Amino acid sequence: MAKVSQSLQGMTDIEFPEVNIWQTLESRAREVMLQYDFKEIRTPIVEMTSVYLHSLGDTSEIVQKQMYAFETRGGKQVCLRPEGTAGVMRYVSNNMQELQDARLYYMGPMFRAERPQAGRKRQFHQLGVECIGGASARQDAEVIALQDSLFKAWELDGVVFQLNTRGSSEDFPKILDGLRSELMPSTDDLCEDCRRRMDNNVLRVLDCKNPGCKTVVEGLSPITTWMAPESVAYFEEVLATLDTFGVSYVVNPLLVRGLDYYQHSIWEVTSDRLGAQDALSGGGRYQMKANGKTIEGVGFGIGMERALMALAKEVEDKFSAEALPLVMLVGQNEEAQAANLPLIVQLRELGYRVRMDLNGKSMKAQMKAAGRQQARWVLIRGESELEAQTIQIRDMESGEQREVPFADIAKTLNTHW
RNA sequence: GUGGGUGUAGCUCAGUUGGUUAGAGCGUCGGUUUGUGGUACCGAAUGUCGCGGGUUCGAAUCCCGUCACUCACCCCA
């Protein structure tokens, strides 16, 4: 029996100081989105299950095994969103007139009932971008450049953009057939999983980790072999535009994405700080049906937990630090503490981060607390200061302390800042 | 879904072949002539030994189940 007080498997509390890193990432992301003129969209966390069946395809493992699905009291089949794209597509399809070329982003929790491990939670958080509109190589490149800007704003180093193309939807059957016919003679050298993939997911054979499969894959023709020349040209234009934008990348001909709706440009961003789940982001151009309409777009999703793990230690420390220094009010006796009550209001109105003891602790205890809470300044008042209308301002880093007129508090603090 | 490791005070952990009132360090709280933190000294509090069941005269220790954490497979962000 689980204790009532335990949190659910794979679902964790995000607490201080880590929560400050989240806030920094989020606010910096919003700045970048503004620069690229993308608008936020907040879709519900619960959707009709059909929303995901249509967009992800009902054979994907996410839909088959990982969704938190349940029936409402009214008998509707609903689920907690396992990813963000489908909900945005549902939104866009209902507002097609106004949203011909929507540029949207979202941030929030997603739910997948997988076995947790490093970089894999059951409730995890994604930042996603969807750029809706007709296919163009420049649009693909702009979205990748946006992501590159985002990672720079997050001061993420050591990440690698890996790009590939899956060709157009017309190319797709040809690619699958081509791959199958080349793999057929080596079927016996493939692992059990890959033999199964031959039928339902040939592309997946390309990124199998099994050494035997890797050897077979090395001998295959690149998948561009089976694509129309226009598709190859499309991808080349994406790469050329990225060069213009100054985005660095590597082309990985073996990169495939798990979801069926992708076509043309696909990419993943990996980091060596992540362990086995080394992809912190994945994206691509897609075409999918929602409410009977076909929507084209390009987008990506970033696993926030993974992005956090990929941060260098120094950056983590920087992002988790409190933005404002702490001012602590200390009163020697009850009279001084009562007098500090209106003072704390004034200082907060001036924008300072201020605290004081509210439990009548001894002065020593108050000082100790100030030290523990890493107060930058302590303002001390006792009998003599009350009488003289002054206050002691102590710099907790240097230990230096001086008495200033009560009216000069803000001025004195500001000269330090 | 499959497999491995782990679960003892707020934190990091110790706990001998099962044997009395379960320990340490750090942290917390209080004190070292009642107006001053971060160093020192003194003192104090705190655990259903993850949870449930079993074996035993006796279980933190052995067995089973369960929950959670963790790592890998798988899948994906």
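Treat the numbers as computed from the prediction; the structure is a model and nothing was measured. Letters A, B, ... mirror the listed sequences (proteins, then strands); counts begin at 1.
Contacts of A/Glu47 classified as salt bridge (charged side-chain N to carboxylate O under 4.0 Å, His left out), with partners at least two apart in sequence or in another chain: A/Arg90. With sequence neighbours left out, A/Tyr105 forms a ring-ring contact (aromatic ring centres under 6.0 Å, His included) with no residue at all. Applying the salt bridge (charged side-chain N to carboxylate O under 4.0 Å, His left out) rule to A/Asp243 yields no partners; only residues at least two apart in sequence or on another chain are considered. Under the salt bridge (charged side-chain N to carboxylate O under 4.0 Å, His left out) criterion, A/Lys318 pairs with A/Glu155, not counting sequence neighbours.
Counting only residues at least two apart or in different chains, salt bridge (charged side-chain N to carboxylate O under 4.0 Å, His left out) contacts with residues 157-167 of chain A comprise A/Asp157-A/Arg273. Contacts classified as ring pair (Phe, Tyr, Trp, His ring centres under 6.0 Å) and involving residues 264-283 of chain A (residues at least two apart or in different chains) are given here: A/Tyr234-A/His264. Applying the side-chain hydrogen bond (donor to acceptor under 3.5 Å, both in side chains) rule to pairs touching residues 337-350 of chain A yields A/Asn340-A/Arg381, sequence neighbours excluded.
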Side-chain donor-acceptor distances from residues 323-331 of chain A under 3.5 Å, at least two apart:
none

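Taking the C1' atom of each, B/G25 and B/A68 are spaced 27 Å apart, rounded to whole Å.
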Are any protein N/O atoms closer than 3.5 Å to N/O atoms in nucleotides 3-6 of chain B? If there are, list each pair with its distance.
{"from": "B/G3", "atom 1": "O6", "to": "A/Arg115", "atom 2": "NH2", "distance (Å)": "3.4"}

Treating primed atoms plus P, OP1 and OP2 as sugar-phosphate and everything else as base, which nucleotides of nucleotides 32-39 of chain B get B, S or - for protein heavy atoms under 4.0 Å? B--BBBB-
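Residues of residues 298-308 of chain A that place a heavy atom closer than 4.0 Å to RNA chain B, in numerical order, are A/Gly301, A/Gly303, A/Arg306. Listed by residue number, the members of residues 120-128 of chain A with any heavy atom below 4.0 angstrom from RNA chain B are A/Arg120, A/Lys121, A/Phe124, A/Gln126.
If you find the closest nucleotide of RNA chain B to A/Lys209 and to A/Gly282, the one lying nearer the 5' end belongs to A/Lys209. Taking the nucleotide of RNA chain B with the nearest heavy atom to each of A/Lys65 and A/Ala118, the more 5' of the two is matched to A/Lys65.
Counting atom types as modelled, A/Gln277 pairs no side-chain N or O with a base atom of B/A72 as donor and acceptor under 3.5 Å.
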